[in-house]
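All remarks here apply to the structure that follows.
Keep in mind that this is a model prediction, so the values were computed, not measured. Proteins come first, then strands; the chains are lettered A, B, ... in the order of their sequence lines, and each starts at number 1.
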Amino acid sequence: MDLSLTPQESEFQRQVRRWLRRNVSRRSPAEEPGEYGNPKRIAELKQWQRKLYEAGYVAMGWPREYGGQSEPGGNRRDLLMRQTIVNEEMVKARAPSLIGVMGVQMVGPTLMQYGTEEQKRRFLPKILAGEQIWCQGYSEPGSGSDLASLTTRAEIAGDFFIVNGQKVWTSNAQFADWMFCLVRTDPTAPKHKGISYILIDMKSPGITVRPLVQMTGDKGFNEVFFEDVRVPRANLVGELNQGWQVANATLSHERNLLGSTTRTQQMFQGLLRLARTRRRGGKPVSADPAMRQRLADLAIRVESMKYHSYRQLTDLLHGRSPGIAASVNKLVSTELNHAICALALEVLGDYGMLERRSRHVADRGVWPYEFMFTLGLIIGGGTSQIQKNIIAERGLGLPRG
Amino acid sequence: MDLSLTPQESEFQRQVRRWLRRNVSRRSPAEEPGEYGNPKRIAELKQWQRKLYEAGYVAMGWPREYGGQSEPGGNRRDLLMRQTIVNEEMVKARAPSLIGVMGVQMVGPTLMQYGTEEQKRRFLPKILAGEQIWCQGYSEPGSGSDLASLTTRAEIAGDFFIVNGQKVWTSNAQFADWMFCLVRTDPTAPKHKGISYILIDMKSPGITVRPLVQMTGDKGFNEVFFEDVRVPRANLVGELNQGWQVANATLSHERNLLGSTTRTQQMFQGLLRLARTRRRGGKPVSADPAMRQRLADLAIRVESMKYHSYRQLTDLLHGRSPGIAASVNKLVSTELNHAICALALEVLGDYGMLERRSRHVADRGVWPYEFMFTLGLIIGGGTSQIQKNIIAERGLGLPRG
Amino acid sequence: MDFGLSDDQLILQRSARDLLAKECPPAVVRRIAEGPSGHSEALDRRMAEMGWTGLLVPPASGGLGLGMLDMAILLAEHGRAAVPGPFLFSALLATRAIVRGADRRLKKQWLPKLASGECTATIALLEESGDSAHPAVLRSRARRKGAAYVLSGRKLFVPYAHCVDLLITACRTSGSDGPDGVTLFLVDRRASGLSIRPLETVDRTRRVCEVEMRRVEVPADQLLGRLGGGWPVIEHLLDLAAVGVAADGFGGAERVLEMAVEYAKTRQQFGRLIGSFQAIKHIAAEMVAEIEPARSLVWFAAYAHDALPREARRASSMAKAALSEIYSRCANRAVQIHGGIGFTWEHDVHFWFKRAKWNELAFGAPAFHRERVAALGGF
Amino acid sequence: MDFGLSDDQLILQRSARDLLAKECPPAVVRRIAEGPSGHSEALDRRMAEMGWTGLLVPPASGGLGLGMLDMAILLAEHGRAAVPGPFLFSALLATRAIVRGADRRLKKQWLPKLASGECTATIALLEESGDSAHPAVLRSRARRKGAAYVLSGRKLFVPYAHCVDLLITACRTSGSDGPDGVTLFLVDRRASGLSIRPLETVDRTRRVCEVEMRRVEVPADQLLGRLGGGWPVIEHLLDLAAVGVAADGFGGAERVLEMAVEYAKTRQQFGRLIGSFQAIKHIAAEMVAEIEPARSLVWFAAYAHDALPREARRASSMAKAALSEIYSRCANRAVQIHGGIGFTWEHDVHFWFKRAKWNELAFGAPAFHRERVAALGGF
């Protein structure tokens, strides 16, 4: 165990800090609730990802030929470490996160594992540069937790799949360029065995995106309808009808993404600032002993997830398998984030119920927004119940129901 | 809604108080951990029940011909109210509870519903007077939560059942006179349809009682072995092979017993005394704001169960069905009692781990004892999981798994 | 000893449930929630016709002269239906402020109008500190000027100030920081110098406003009770608010449980109804186990206001602390049982989810009330 | 950046697990728990042979010279096995008290013997108040008399005082109520005037005693560190105890989870394995979700003692607060998964259940440590 940085890493950390100080604008803070509804903001965020990428700060661990910095020689451990430094400094600097995160963290790693050489070259560099925003076509109205029951079908006609059906809860579909999508290619096979994983250009004719309004009032996710949408067979990832396996790889990346501890730390810091500055009965809220208990309880849970992520990073550096860690991360982090927001609302009292557009709102309304949004994340990406099933069955080997 | 007592009830309350003041000895307090291991104490407690009974304070609502005070004319409501007053005053006076509680609260009501006239006359008066201590022969090594899978069998031979098999977790079997027992009388029928409910004299030849030691170190419950035990057919309650229905009546009484709120109130009062008298950092523990939050939280839960029991009493007085109330009572009360004990241990700190025999022990060691015992009650009488199943399926009509 | 509802109360409960099911179904809640004013005049009128606005008003002043338990029964139905509008603030809080605090003249002036629904009112207590428990944080001031008082200051989180007729407003009338310097005034919403700006809130079934008072002249005869005598009335109002919100929360918790159970009985996943999964069953059962005993806590607190005044404050805080958390937890679970659809605007459950949070935070969060329970219980 | 165990540490972990599985299986725990002394000389000797008693002793004094992380790894294995005996108090706390607080002479006198297991020690800090966090509650006194100090007073909850050789005892040596009046002495267990009475405890894998000191003469050269300099050492010991107990709790929590899972894989009810019920699965999964991240908290706290001393106190409290509750909750769930059998003396799980409670309460309950986390975090 050694949590210190090497002199090189420290130097790199200083570089990153300097760069962020220069490039993170005070006016475009990390936490802007519901920002994905605003086209101008989307353009800014794409621009921001390009800038980060050009500075060499996005997905460094990817192979050089696909836009990363990893060499066959094996600087991968070094790069993973640097990436961690970048991610941490971004949180500290309250920099906006990557708008193309589903590309970078979900479809990218999946393509590296299952994609053809041509697919990798075609998509990966653009994913990194923020040129291609991706969305995920998994859930359907009839298949949420029971993902494998999906019915969107893709029939093969010559060199194309002809896709018909509907997806739902598709975050970012309203501005995404591409979708990674699960479709049924063999309706006669058992449900897990007739699914394929294909990449769909969102500009294809026959696609209709209809925004769904979230309980926050934002249009963050969508219904996506496919009517005879033609998708080249070259966009198949992995084998035909073997999409379930590919999908699971992405799901695990999704769980890690939703279970990101940097986000949690950022939220807790915000809560602490709030509790220290808001006053009740003439004292800062953070001086109230009962409140201190609850703040400390959250602090401990946040810190344990931080060290837990260090441990997982170490495992990754050593090439050890993470097991069901992604499910634990997803389960714990989403519930923890929601708990942080709930306490923030309590700190705020009546102010906690003010909408972000309202006068007198605190922290631009991020707390009630995130309070709701984090509940959505407890549900999305596999509900807490599903994660518990996974942990019990795959992690502990308990028999399937 | 009217929580006041009538002048008659108030007068009765004063009578009860006076009686208890005269008859509750300071030296035989209510809370004597593990007292059922001690034969002298058992004799005392039987004596105490007889005294209570002779004073007219036990199961007043039972019909006069079976030892109660209820007349065909219909003074039952009045008696139920008086019984409630007695029960509350007994808690306040910290009087020992009934040793024959399983008779009075479980088999008694069941016999009144399902027993023959002869059975009622034979058993009920002795149950009340504390002459007959009863135990419950339900659980078996292979059938705990899945009670209906029991295998102790009773074959009919002339006027007798011949019983063979084994029961387990049989509280009080070591000194009980009688057992109400579930036996399989038709091994070929579906599991719920081949069970009968019979009454077994514990002095019958062929019965072996082997005490089990609880985690508290006490011998509170037992294994009971039956080897060709002859039980007269006259001891069958209800129809042959219809015992499951009878058993369920008893189970519901058991849940109410385990969910008794008077016990909960007594425990909470004890916790509060403790928190007010124990000191930390120069102040009573109850002055610590974080501790006050937790005490108040428990106080609220305790009080809500108290009023909840008033509501159930009112429903009973009006002859309304309690529905799944017994399951809610059992689930909530046992968890609440355990939580009260857990907080008491925290108030005590290192003192909380002292055994009842130890020097320096607080409150005669009742807290760690009850901390364990209440966990046993979360498990016994249908685990919390089983109660939740019942509430969901019978109460909410959710489909069976 | 009777811990139950009378026949009249059962009728009140039933008629309220029926009326609200008809006049305030989720579609109406949605329409009002999405609209600018946050209430429906038609619905408000219907409720007045039912006599609900006069529930607590003595018969002599044209009301039904009923008690807090009746009001709690009614408010539980409001909570079930998530009724939007000023009812809680007008028919319970403002009305009781006048019943309790005003002299005969003021009662005669206002109670008949409040009872009939001709006039509505609200209470303006909170200011920037967001703290209603400490008199010292009150900054608004009233100064005598001839036959009037001149009020200046800024109130926040004033429910429905934008649409009621009357604001019962707390101001400081002496140099003292203590409770004896606080006076209540009945302020006409249309008074000159008063500017009212709605604040946007997450719970769209409750609306609150910022109220700016710039030298607002209030006739001296609109002083409620004694000069400097406002604080005990405010404390009483907060107790009533605690019970009222708890009752609302009880009804709301029952409703979200029903919504969740209904959904679980129709939604299929993995080839079976999700309600057949033990995880879902147990979540629902835990909701029952919280809601059922809590009902009695609400009833008792309301009853205490009617019959056991010395227990009323503690019982009110108990009910508020418990129901705040229970409603929030139940709403959270109900959303989770609904899955993705529960997170959409399109589905109704979020209206209850947000109302649960408002209920939790307004009039003192659970920790505040628990500390009061401890203090009043002599811990 | 490496948040993991070194190869040496993995070997230590593996060899400890193997040894304890062999030498301290549940049958041995039971035998010791049911016996009067609460430890096994044979087992203690084996542990000394492994070098564990000297783990923290510098090589110059015959120890292994390893750090707190190594000790935490070892103690987690002790927790897994629920090892009874004075190890934690002797090899961690008393040893570190000497390593940290004693001068060269005392170190030379005691460390080699502690390292070899020839001598064992404990710490005698608590008194009737049961409070270790405030110097003011210390009542035992030591007065200089020639070449000796004379100690009088009563200590409570002194772990294994009945069987160790040396008691590191806190006494007041000045009139001051503050920390500067506290001094530590090395007291021979056989000293005249010392009477030791075991107290009966629920957790039979930990034994504590009452220690009465009646004019016990201790040579002045057995004063640990400076006169009046005991308090910082005590504070350091409490931090170490927090980490040590947390590590024990981590191992214990892992073990009860394993026991529960094993049982759920073999016990049938309703015609299926109980581990196939979603309710059981989810309870087990919740245990995993608590235990897994908590492991890192323990490692970090131990590592902080080795490498980041400024973070050590806060990290220790974090680990203690978290693992106290996690272990208790996991043990509770494990008993529940076992059902009735889990409530018997005959089944082993209760030894862990009780140890979890001891761990929770000793050296500061969770609320105490959370407040420290808040204070040290500048909340």
Side-chain angles (χ1 to χ4, degrees), chain A residues 139 141-149 168-169 191 212-221 278-282 288 290-291 294 338 342 345-361 365 368-369 371-373 375-380 383-386 388-389 401, chain C residues 34 126 128-134 136-137 156-157 197-204 206 208 210 267-272 274 277-280 283 328 331-332 335-347 349-351 353-354 357-358 360-368 370-371:
Chain A
S139 292
S143 53
S145 289
D146 182 12
L147 186 55
S149 69
V168 74
W169 321 130
K191 67 180 182 175
L212 281 168
V213 184
Q214 301 171 175
M215 67 156 74
T216 60
D218 298 296
K219 293 173 183 166
F221 50 41
R278 294 269 151 174
R279 302 175 76 81
R280 194 165 298 150
D288 170 54
M291 186 56 81
R294 297 162 70 192
H338 188 63
L345 292 189
E346 209 172 315
V347 169
L348 285 168
D350 289 270
Y351 285 94
M353 290 306 282
L354 294 180
E355 270 278 10
R356 53 194 187 270
R357 286 173 298 273
S358 177
R359 287 166 57 82
H360 300 292
V361 70
Y369 175 84
F371 174 71
M372 293 184 268
F373 196 75
L375 176 59
L377 295 183
I378 288 174
I379 296 167
T383 63
S384 286
Q385 283 70 40
I386 293 292
K388 289 179 192 172
N389 287 347
Chain C
E34 292 176 350
L126 288 176
E128 206 186 337
S129 71
D131 183 346
S132 60
H134 300 94
V137 299
L156 280 184
F157 307 111
R197 242 187 310 220
L199 301 170
E200 302 245 23
T201 50
V202 173
D203 170 15
R204 306 287 294 162
R206 317 278 204 182
V208 296
E210 176 178 6
R267 169 78 173 171
Q268 296 235 357
Q269 289 282 276
F270 301 102
R272 42 195 273 214
I274 62 168
F277 285 101
Q278 213 180 16
I280 301 291
I283 293 171
S328 277
N332 180 308
V335 170
Q336 288 198 48
I337 288 177
H338 280 85
I341 191 84
F343 186 61
T344 61
W345 188 272
E346 177 193 358
H347 193 280
V349 71
H350 72 95
F351 292 115
F353 175 79
K354 294 166 182 174
K357 210 66 200 174
W358 188 90
E360 184 183 330
L361 300 175
F363 300 111
F368 168 78
R370 277 195 294 264
E371 173 53 39

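- Residue A:L354 touches chain C through both its backbone and its side chain, counting heavy-atom pairs closer than 4.5 Å.
- The CG atom of A:D218 sits 4.5 Å away from atom OH of A:Y369, with the distance rounded to the nearest 0.5 Å.
- When heavy atoms are compared at a cutoff of 4.5 Å, C:Q278 does not approach chain A at all.
- Across C:A279, C:G339, C:G342, C:G364, the residue that shares the most heavy-atom pairs under 4.5 angstrom with chain A is C:G339.
- Within the 4.5 angstrom heavy-atom criterion, only side-chain atoms of A:F221, from C-beta onward, approach chain C.
- Shown here for C:G340 and A:I379, the closest heavy-atom pair between the two residues is N-CG2, 3.5 Å.
- Heavy-atom pairs under 4.5 Å with chain A were tallied for C:H347, C:H134, C:R197, C:E128; the largest tally goes to C:R197.
- With a 4.5 Å cut-off on non-hydrogen atoms, C:A367 touches chain A through its backbone and its side chain both.
- For the pair A:T216 and A:E355, the tightest heavy-atom approach, listed with the atom from each and the gap, is O-OE2, 4.4 Å.
- Counting heavy-atom pairs closer than 4.5 Å to chain C, the top-ranked of the candidates A:M291, A:R280, A:R294, A:M372 is A:M372.
- Proximity to chain A is absent for every atom of C:R206, based on heavy atoms less than 4.5 angstrom apart.
- In this structure, C:W345 CH2 and C:H350 NE2 are separated by 5.0 Å, a value rounded to the nearest 0.5 Å.
- Ranked by heavy-atom pairs under 4.5 Å with chain C, the first of A:L348, A:T383, A:V361, A:L345 is A:L345.
- You'll find the ring centres of C:F363 and C:F368 outside the 6.0 Å limit.
- Residue contact with chain A, scored on non-hydrogen atoms closer than 4.5 Å, is absent for C:V137.
- Side-chain atoms of C:Q269 and A:S145 include no donor-acceptor pair closer than 3.5 Å.
- Using modelled atom types and a 3.5 Å distance limit, the side chains of C:N332 and C:Q336 yield a donor-acceptor pair.
- Of all heavy-atom pairs spanning A:S143 and A:D146, the tightest one is CB-O, 3.1 Å.
- In this structure, chain A has heavy atoms under 4.5 Å from both the backbone and the side chain of C:D203.
- Here the closest non-hydrogen pair linking C:I274 and C:I337 is CD1-O, 3.7 Å.
- For A:L377, no part sits under 4.5 Å from any heavy atom of chain C, backbone or side chain.
- Residue C:F277 does not touch chain A at all, counting heavy-atom pairs closer than 4.5 Å.
- Between the CH2 atom in C:W358 and the CZ atom in C:F157 there is a gap of 11.0 Å [rounded to 0.5 Å].
- Proximity to chain C is limited to the side chain of A:L212, based on heavy atoms less than 4.5 angstrom apart.
- Within the 4.5 angstrom heavy-atom criterion, atoms from both the backbone and the side chain of C:F270 approach chain A.
- Contacts of C:E360 with chain A are made by side-chain atoms alone, with heavy-atom separations under 4.5 Å and no backbone atom involved.
- The two residues C:R267 and A:P141 have their closest heavy-atom pair at NH1-O, 2.8 Å.
- Listed options A:R279, A:H360, A:H338, A:R357 were ranked by heavy-atom pairs under 4.5 angstrom with chain C; first place goes to A:H360.
- Both the backbone and the side chain of A:E346 come within contact range of chain C, each with at least one heavy atom under 4.5 Å from a heavy atom of that chain.
- To the nearest 0.5 angstrom, A:L375 atom CG is 11.5 Å from A:Q214 atom CD.
- Most heavy-atom pairs under 4.5 Å with chain A, from the set C:H338, C:E210, C:E346: that is C:E210.
- With a 4.5 angstrom heavy-atom cutoff, C:I283 touches chain A only via side-chain atoms.
- Considering only heavy atoms from C-beta on, C:T344 comes within 4.5 Å of A:W169 through its side chain.
- Note on A:S149, A:P368, A:G144: by heavy-atom pairs under 4.5 Å with chain C, the leading option is A:G144.
- Listed options C:L126, C:D131, C:V208, C:I341 were ranked by heavy-atom pairs under 4.5 angstrom with chain A; first place goes to C:I341.
- No part of A:K388 comes within reach of chain C, as not one of its non-hydrogen atoms sits under 4.5 angstrom from that chain.
- C:V335 and C:F343 get closest at one heavy-atom pair: CG1-N, 4.5 Å.
- When heavy atoms are compared at a cutoff of 4.5 Å, C:I280 does not approach chain A at all.
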